[in-house]
Amino acid sequence: MRLQPLNGHVLLEPVAPEEKTKGGIILPDTAREAPDEGVIEALPPNGSDEVAIGDRVLYKRYAGQEISFEGAKRRLVPVGDLLAKYVRADAIPD
Amino acid sequence: MRLQPLNGHVLLEPVAPEEKTKGGIILPDTAREAPDEGVIEALPPNGSDEVAIGDRVLYKRYAGQEISFEGAKRRLVPVGDLLAKYVRADAIPD
Amino acid sequence: MRLQPLNGHVLLEPVAPEEKTKGGIILPDTAREAPDEGVIEALPPNGSDEVAIGDRVLYKRYAGQEISFEGAKRRLVPVGDLLAKYVRADAIPD
Amino acid sequence: MRLQPLNGHVLLEPVAPEEKTKGGIILPDTAREAPDEGVIEALPPNGSDEVAIGDRVLYKRYAGQEISFEGAKRRLVPVGDLLAKYVRADAIPD
Amino acid sequence: MRLQPLNGHVLLEPVAPEEKTKGGIILPDTAREAPDEGVIEALPPNGSDEVAIGDRVLYKRYAGQEISFEGAKRRLVPVGDLLAKYVRADAIPD
Amino acid sequence: MRLQPLNGHVLLEPVAPEEKTKGGIILPDTAREAPDEGVIEALPPNGSDEVAIGDRVLYKRYAGQEISFEGAKRRLVPVGDLLAKYVRADAIPD
Amino acid sequence: MRLQPLNGHVLLEPVAPEEKTKGGIILPDTAREAPDEGVIEALPPNGSDEVAIGDRVLYKRYAGQEISFEGAKRRLVPVGDLLAKYVRADAIPD
């Protein structure tokens with residue numbers, strides 16, 4: 001099975017928080033803060049003009065809802081709460 | 001008798017929470033958290049473009065209202081508060 | 001005299017709460033919780049596409065206002081706060 | 001002088017609270033709760049499709065504002081906050 | 001100089017509170033409550049369909065803002081927060 | 001450099017609070033309350049129908065944001081939060 | 001990689017707070033307040049009528065979200081929360 005987002009949500013796979021601090025100290029799991037970032041796994045039924053599957057995106061803090069799908073963490077976020085996406089430095093601006 | 005949802009709500013049969021933790025420990029009823037999931041039993045009078053009867057769906061936390069119908073728990077949730085539905089992995093995306 | 005609801009409200013006669021618990025214990029009045037249900041006695045001036053007089057309906061918790069009319073409890077509820085109605089099991093879905 | 005309501009308000013003369021309890025006990029003024037009812041004395045400049053001068057109406061709790069006009073209590077209530085009106089039992093429904 | 005109200009406000013000269021209680025006791029200034037009433041001194045640039053300069057009006061409690069203009073108290077109130085105006089008893093209703 | 005207001009804001013130079021009380025007592029700086037007034041120094045890109053550069057205006061209490069520009073206090077206020085402007089007493093009303 | 005803002009946001013590089021007080025005292029980092037200012041590094045996909053890349057802008061206090069991008073602080077702010085931009089004193093007004 002897979003998840004099909006509804007009502008203008010995207011399905012995100014969270015980006016793992018960094019395991020080291022800038023000083024190089026390895027942090028235990030509980031001390032790492034998950035960033036507000038993820039990779040888009042699925043789009044809403046009517047798609048999106050601004051993002052595509054595979055895009056790595058930043059979203060508004062606390063936007064959407066964390067869910068558990070087949071034992072893994074995912075997040076469903078309204079497409080309107082996406083703040084930015086990563087693009088190649090030489091990509092033509094939208 | 002059956003229930004006909006109104007004003008853009010769907011009628012959901014809640015999905016039973018898992019009885020075991022990942023470690024295999026059987027939890028008593030009170031320690032299990034009901035997931036925000038259900039199976040659609042009825043659609044609003046004007047139907048829905050995104051879901052159908054029988055779809056297993058996730059909904060926004062606390063959305064809608066739990067009711068008791070003929071001794072069983074049901075939930076009436078605005079169709080706009082559905083976050084995602086389960087589809088077969090090989091299903092053509094909407 | 002009778003009451004004519006205004007501004008998109010329906011007039012409901014509350015459904016009496018059950019007098020017994022599932023275990024068969026008879027509860028005193030104060031221990032019974034009134035369900036969020038009623039039977040429609042009157043429609044707003046411009047009617048309704050989804051409900052009719054005589055329908056037994058569920059409404060959003062705390063929606064509308066309880067009133068006293070000729071010594072009896074009634075409730076005026078916005079038609080948009082109705083969640084579902086009871087229909088015969090063999091009724092053709094709306 | 002008289003008061004001409006503005007911006008979609010109606011001018012109501014409050015209905016006097018009942019002087020007796022159901023058990024027949026006469027209550028002092030301070031123990032009687034004013035009902036959310038009144039008789040319409042004036043309509044807004046653009047009138048109303050649902051009510052007329054002289055109608056006895058129920059309004060949403062705390063809706064509008066109590067005023068004092070020539071020493072008497074009146075209430076200005078948005079016409080959209082009227083919940084119902086009294087009609088003769090044999091009146092043709094709106 | 002004079003004040004020209006903007007953005008749909010009217011300029012009101014507050015009506016002085018009564019100096020006596022109903023029992024005839026003369027109250028000191030601080031014990032008198034200013035009524036939510038005023039006389040219209042200026043209209044917004046696009047005028048108003050319901051009020052005119054010179055009208056004595058009632059406004060929603062706490063609506064608008066009290067200002068000091070050349071040493072005198074005035075109040076700027078959104079025209080949509082006016083509740084009623086005084087008219088002659090024999091005036092033709094709007 | 002100068003500041004060009006955006007998104008429907010005006011740039012205001014605050015009006016200095018009065019240095020004397022009505023009784024003629026000179027107040028120290030901290031005891032004077034800045035009035036909600038200013039003189040318009042710049043308009044938003046799409047201009048305004050109701051105000052012009054140089055107008056002295058009153059604005060809604062706490063509207064907009066105080067800023068520091070080249071060491072001087074200025075205020076950026078949404079044009080829709082302006083309440084009134086000063087005009088010459090003999091000016092033709094808008 | 002670079003960041004492409006979405007949903008009407010601009011990407012800002014924060015302006016460094018001043019290192020000296022007016023009196024010439026050098027402040028430690030923690031005592032300096034970051035101004036609500038930044039330089040636009042990227043526009044939303046549909047551009048903007050009022051600002052361009054390179055503009056130094058003021059934004060509404062607390063608007064948008066601070067992010068970390070490749071180790072540097074950036075801020076994503078809705079274009080509608082920009083209050084003003086710096087322009088050359090001799091620039092023709094918009």
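Per chain, numbering begins at 1; letters A, B, ... match sequence-line order.
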**OP:** Rounded to the nearest 0.5 Å, what's the gap from CG on G:Leu58 to CG on F:Leu6? Could you check?
**Re:** 9.0 Å
Original post:
Got a second to check how far G:Arg88's CZ is from F:Arg2's CZ, nearest 0.5 Å?
Top reply: 11.0 Å
**OP:** Name all pairs fulfilling the salt bridge (Lys or Arg N to Asp or Glu O under 4.0 Å) condition that reach into residues 71-83 of chain G, sequence neighbours left out, sorted by first residue then second.
**Re:** G:Glu41-G:Arg74, G:Lys60-G:Asp81
Original post:
Restricting to pairs with a member in residues 47-90 of chain F, which pass ring pair (Phe, Tyr, Trp, His ring centres under 6.0 Å), not counting sequence neighbours?
Top reply: E:Phe69-F:Tyr86, F:Phe69-G:Tyr86
Original post:
Less than 4.5 Å apart, any side-chain heavy atom of G:Glu50 and any of F:Asn7?
Top reply: yes
Original post:
Do the side chains of F:Gln65 and G:Leu83 get nearer than 4.5 Å, heavy atoms only?
Top reply: yes
Subject >> Region of G:Leu82 that comes under 4.5 Å of a non-hydrogen atom in chain F >> reply: both
**OP:** Examine whether an atom of G:Val79 lies under 4.5 Å from a heavy atom of chain F, and if so say whether it belongs to the side chain, the backbone or both; otherwise answer neither.
**Re:** backbone
Original post:
Between F:Leu3, F:Leu11, F:Leu43, which shows the greatest number of heavy-atom pairs under 4.5 Å with chain G?
Top reply: F:Leu3
**OP:** With a 4.5 angstrom heavy-atom cut-off, could you sort out which part of F:Glu66 is near chain G: side chain, backbone, both or neither?
**Re:** backbone
Original post:
What part of F:Ile67 gets closer than 4.5 Å to chain G, counting heavy atoms only: side chain, backbone, both or neither?
Top reply: side chain
